[in-house]
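Nothing here was measured: the structure is a model prediction, and the numbers come from that model. Lettering follows sequence order; numbering is per chain, from 1.
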There are 2 protein chains.
Amino acid sequence: MRFETSTIKDIAKALGLSTSTVSRALRDRYEISEETKKLVLAYAEKVNYRANPIARSLKERRSYSIGIIVSEIANNFFSQVINGIESIAYDKDYHVIISQSHESYKQEKLNVEHLASRSIDGLLIALSSETQDIDYLRHLYAKGLPIVFFDRVPQDFETHKVIANNFKGAFDATEHLILSGKRTIAHLTNSENLSITKERLAGYKAALVKYHIGFRPELVKYCQHGGMHSAELEEAVKELLPLKPDGIFISSDRLTTGCIMALKKTNPEVAHKIAIAGFTNSNLVELFSPSLTSVKQPAFEMGQVATELLISMIEAKRPVTEFETKVLDTELVKKR
Amino acid sequence: MRFETSTIKDIAKALGLSTSTVSRALRDRYEISEETKKLVLAYAEKVNYRANPIARSLKERRSYSIGIIVSEIANNFFSQVINGIESIAYDKDYHVIISQSHESYKQEKLNVEHLASRSIDGLLIALSSETQDIDYLRHLYAKGLPIVFFDRVPQDFETHKVIANNFKGAFDATEHLILSGKRTIAHLTNSENLSITKERLAGYKAALVKYHIGFRPELVKYCQHGGMHSAELEEAVKELLPLKPDGIFISSDRLTTGCIMALKKTNPEVAHKIAIAGFTNSNLVELFSPSLTSVKQPAFEMGQVATELLISMIEAKRPVTEFETKVLDTELVKKR
DNA sequence: TAAGATAGTGCAATCGCTTGCACATAGAAT
DNA sequence: ATTCTATGTGCAAGCGATTGCACTATCTTA
């Protein structure tokens with residue numbers, strides 16, 4: 001800000017002390033006498049002194065802030081994760097800087113690099129659906145930037161990760177469709193790159209196997225852009241319908257809502273006849289028509305766990321070499 | 001970040017120049033010869049030099065970043081505004097820091113003050129529903145922090161503001177209900193503090209007047225917490241229903257969805273009988289059942305306009321004294 | 001009583017970058 | 001030949017905070 005605030009120097013001058021004494025008093029160092037501390041603290045309080053975080057960052061080479069990259073904050077799942085992140089971060093005196101990749105690799109890289117140059121102390125990231133090359137992250141990581149992945153994680157990157165039990169979530173949803181009598185179950189899913197895509201596909205297949213239903217590749221549709229473009233979805237729906245599915249298992253928030261929308265728009269007459277089960281953290285599912293069975297991820301908790309892991313890495317005295325991948329259970333909310 | 005990157009000093013040493021020359025060359029100042037500039041630029045490129053924004057902020061006392069305060073990023077309206085803000089900000093080389101107030105005054109103040117201490121160059125803010133005392137903003141403003149309000153604006157604060165045409169939006173929605181034959185139209189709205197609450201109430205009343213329908217205060221319900229607590233909404237609905245409204249005009253995104261939810265939960269039998277018209281920027285309205293008429297705000301555009309105004313203030317050479325309040329039209333999307 | 005221990009404080013460098021001013025060199029003008 | 005004007009660079013201070021080291025009292029201890 002261009003305007004004046006009181007600095008440590010002002011306090012020093014006013015009290016006839018040196019800046020170092022003031023600084024140490026404020027940081028409650030043992031060298032300073034109780035008396036002086038009290039004096040300084042009282043005066044600082046009086047003039048409403050706030051340490052300049054910029055100056056501190058420069059000196060300490062850290063910023064007490066952590067960066068977050070998600071594809072879209074408008075996505076309920078991600079905004080819930082962010083709330084979880086904030087809840088822990090603020091508790092531990094970190095601030096949070098949010099960036100959106102909008103599912104674009106280029107944007108993601110740009111944002112990460114900007115955050116890094118702003119001295120974030122650590123990074124929480126869910127990869128964009130376009131991202132395949134994560135060398136730029138490896139590079140930052142190698143230079144010492146702690147990174148924790150959540151939701152969309154890379155396989156070959158040794159660090160903490162937090163994910164939902166995607167396999168089980170997908171299995172449960174598919175099984176639910178089967179148990180309600182569906183036999184031709186399509187699967188609408190995200191870009192093949194993503195970890196969640198693979199895991200959820202596996203869960204879907206496993207459920208089919210359990211009930212002796214043959215896997216038909218043509219029933220699986222991938223959306224490169226994660227449903228960011230409605231045309232992409234309508235195309236997928238259009239290709240799927242001739243195969244006469246009686247159920248669809250959808251593997252992401254945006255795809256789930258987008259698919260129902262596309263169905264209603266292009267084929268309103270069948271929209272209510274196809275049973276839908278999909279991953280979504282929307283808190284509006286109860287309002288949807290047709291209604292659906294949803295797989296909810298523990299988004300808030302995911303944010304919390306990821307943040308705890310990240311902060312533990314940031315504050316570790318020695319380099320961390322043991323990494324965990326936490327897997328959190330999803331919840332199946334059956335259609336009413 | 002704790003790890004080394006090349007600095008201006010490194011470049012200077014490598015090229016046998018002084019740091020000042022390098023700095024000036026990088027900033028393309030006229031004093032430096034073309035030759036030297038080329039040399040420096042080439043080398044900087046080679047070592048992938050990135051100016052340290054922290055150091056720059058400290059020195060220049062500005063950060064090329066703007067702060068945003070909204071109540072909740074999970075709210076579609078706000079996430080769209082944020083996208084609008086980003087679209088302009090990135091174009092003009094500003095970065096954006098998002099904070100959520102969660103409709104809490106305390107949180108809002110805390111966040112604003114933190115942003116200010118992080119040397120944001122300007123602030124874009126939509127007030128929380130709890131906020132009544134904006135002295136802390138006045139204070140920062142007086143000290144030189146440019147502020148632009150959007151959506152929820154204070155009356156007695158001389159600066160740029162960007163709002164929707166709330167009066168007309170409310171009028172149109174209410175008129176629509178009347179024209180479809182409703183006569184007992186309730187109004188569910190936000191905290192009385194908010195500008196939007198007053199403007200929308202006025203629009204609602206005006207429509208009643210136009211069609212010679214008496215205004216009944218008991219049909220208006222205020223929600224202090226903007227629908228953050230479902231209990232608040234259920235209570236409001238419970239009080240409203242005995243009055244047998246045949247239509248409800250709802251004045252905010254969260255209230256609109258929350259109200260339908262409450263209706264469905266507490267009185268499913270009447271949920272479909274009451275016509276609903278409400279402000280919402282949800283892109284899922286088409287999926288809702290009961291369906292509703294919605295008033296959409298030009299959220300993206302609002303973000304853009306607000307950002308342009310803010311940046312013009314930030315970059316103005318002399319203090320700005322002429323302020324505008326831009327009013328953007330809403331769009332009525334009729335129930336199908 | 002002299003020397004060492006201890007406590008409390010200040011000096012000054014440093015983080016990376018910007019910028020006013022001084023300085024050096026070279027060609028132009030007198 | 002001397003002075004002046006460009007032109008291009010470098011010196012050094014400063015942004016606000018932290019911290020190793022040095023310094024001065026005061027108090028112990030032999």
Side-chain angles (χ1 to χ4, degrees), chain A residues 1-41 43-44 47-65 93 116-121 144, chain B residues 1-41 43-44 47-65 114 116-121 144:
Chain A
M1 238 154 358
R2 289 182 239 25
F3 50 86
E4 78 302 326
T5 17
S6 39
T7 71
I8 227 170
K9 215 190 259 175
D10 300 332
I11 299 184
K13 204 178 299 168
L15 299 178
L17 293 170
S18 74
T19 59
S20 29
T21 303
V22 174
S23 171
R24 279 187 267 248
L26 290 169
R27 327 212 76 221
D28 200 24
R29 299 304 215 72
Y30 67 94
E31 303 106 317
I32 306 298
S33 68
E34 280 309 315
E35 215 175 346
T36 310
K37 276 183 191 168
K38 246 177 234 161
L39 192 69
V40 172
L41 254 21
Y43 187 79
V47 299
N48 191 30
Y49 168 80
R50 294 282 109 112
N52 180 330
I54 301 270
R56 219 163 141 212
S57 291
L58 180 60
K59 177 65 190 172
E60 294 189 33
R61 326 193 82 195
R62 59 171 303 188
S63 60
Y64 299 94
S65 59
D93 281 328
S117 79
R118 287 212 79 86
S119 300
I120 49 164
D121 296 342
Chain B
M1 238 152 2
R2 291 182 240 21
F3 49 86
E4 80 302 327
T5 17
S6 41
T7 72
I8 227 170
K9 213 190 262 176
D10 301 331
I11 300 185
K13 205 177 299 167
L15 299 178
L17 292 170
S18 74
T19 59
S20 28
T21 303
V22 174
S23 171
R24 278 188 266 249
L26 290 170
R27 327 212 76 222
D28 200 23
R29 297 305 213 71
Y30 67 94
E31 303 106 317
I32 306 298
S33 68
E34 280 309 315
E35 215 175 348
T36 310
K37 276 184 192 167
K38 246 176 235 162
L39 192 69
V40 171
L41 254 22
Y43 188 80
V47 299
N48 191 29
Y49 169 79
R50 293 282 109 110
N52 180 330
I54 301 268
R56 213 160 148 216
S57 292
L58 180 60
K59 176 66 191 174
E60 295 189 33
R61 325 190 82 194
R62 59 171 305 188
S63 60
Y64 300 92
S65 59
H114 176 256
S117 79
R118 288 212 76 87
S119 299
I120 51 164
D121 297 342

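- Atom CD1 of Ile54(A) and atom P of dT18(C) are 14 Å apart (whole Å).
- As rounded to whole Å, 14 Å separates atom C1' of dT9(C) from atom CG of Leu15(A).
- Counting to the nearest Å, the P atom of dG16(C) and the OH atom of Tyr49(B) are 10 Å from each other.
- Summary of the strand contacts: Leu17(B) and Lys59(B) both lie near DNA chain D, and taking for each the nucleotide with the nearest heavy atom, the more 5' one is attributed to Leu17(B).
- Rounded to whole Å, atom C1' of dT9(C) lies 15 Å from atom CD of Glu34(A).
- For the OP1/OP2 pair of dT18(D) and a distance below 4.0 Å, the side-chain nitrogens and oxygens of Arg27(A) include at least one atom meeting the criterion.
- A donor-acceptor pair under 3.5 Å is absent between the side-chain atoms of Lys37(A) and the main chain of Arg24(A), judged by distance alone.
- Rounded to whole Å, the distance from CG on Leu58(A) to C1' on dG16(C) is 6 Å.
- Of all the heavy atoms in Pro53(B) and Ser117(A), the pair that sits closest is CD-O, 2.9 Å.
- Side-chain to base pairing of Ser20(B) with dC11(D): one donor and one acceptor N or O lie within less than 3.5 Å of each other.
- Comparing dT18(C), dT18(D), dC17(C) by their closest approach to the side chain of Ala55(B) singles out dC17(C).
- Using a 4.0 Å heavy-atom criterion, one finds that Arg24(A) contacts the bases of the nucleic acid, with or without backbone contacts as well.
- Using a 4.0 Å heavy-atom criterion, one finds that Thr36(B) contacts the sugar-phosphate atoms exclusively.
- Comparing dT18(D), dG16(C), dC15(D) against the side chain of Asn52(B) picks out dG16(C) as the nearest.
- Counting non-hydrogen atoms under 4.0 angstrom, Thr7(A) reaches the backbone sugars and phosphates but no base.
- Comparing dG8(D), dT18(D), dG20(C) against the side chain of Ser33(B) picks out dG8(D) as the nearest.
- Residue Glu31(A) contributes atom CD, which lies 16 Å from atom P of dC11(C) at whole-angstrom precision.
- Toward the 5′ end of DNA chain D lies the nearest nucleotide of Ser18(B), the other residue of the pair Ser18(B) and Thr21(A) mapping further downstream.
- What separates CG of Leu26(A) from P of dG16(D) is a distance of 15 Å, to the nearest Å.
- Between Val22(A) and Tyr43(A) the shortest side-chain heavy-atom distance does not fall below 4.5 Å.
- Taking atom CZ of residue Arg29(B) and atom C1' of nucleotide dT7(D), one finds them 16 Å apart after rounding to whole Å.
- With Ser57(B) contributing its side chain and Arg62(B) its backbone, the two residues share a donor-acceptor pair below 3.5 Å.
- For Ser119(A) (side chain) and Ser63(A) (main-chain N/O), no donor-acceptor pair under 3.5 Å exists by modelled atom type.
- Between Lys37(A) and Thr19(A), the residue anchored nearer the 5' end of DNA chain C, judged by the nucleotide with its closest heavy atom, is Lys37(A).
- Closest contact between the side chain of Arg61(B) and the listed nucleotides dT18(C), dG16(D), dT19(C) involves dG16(D).
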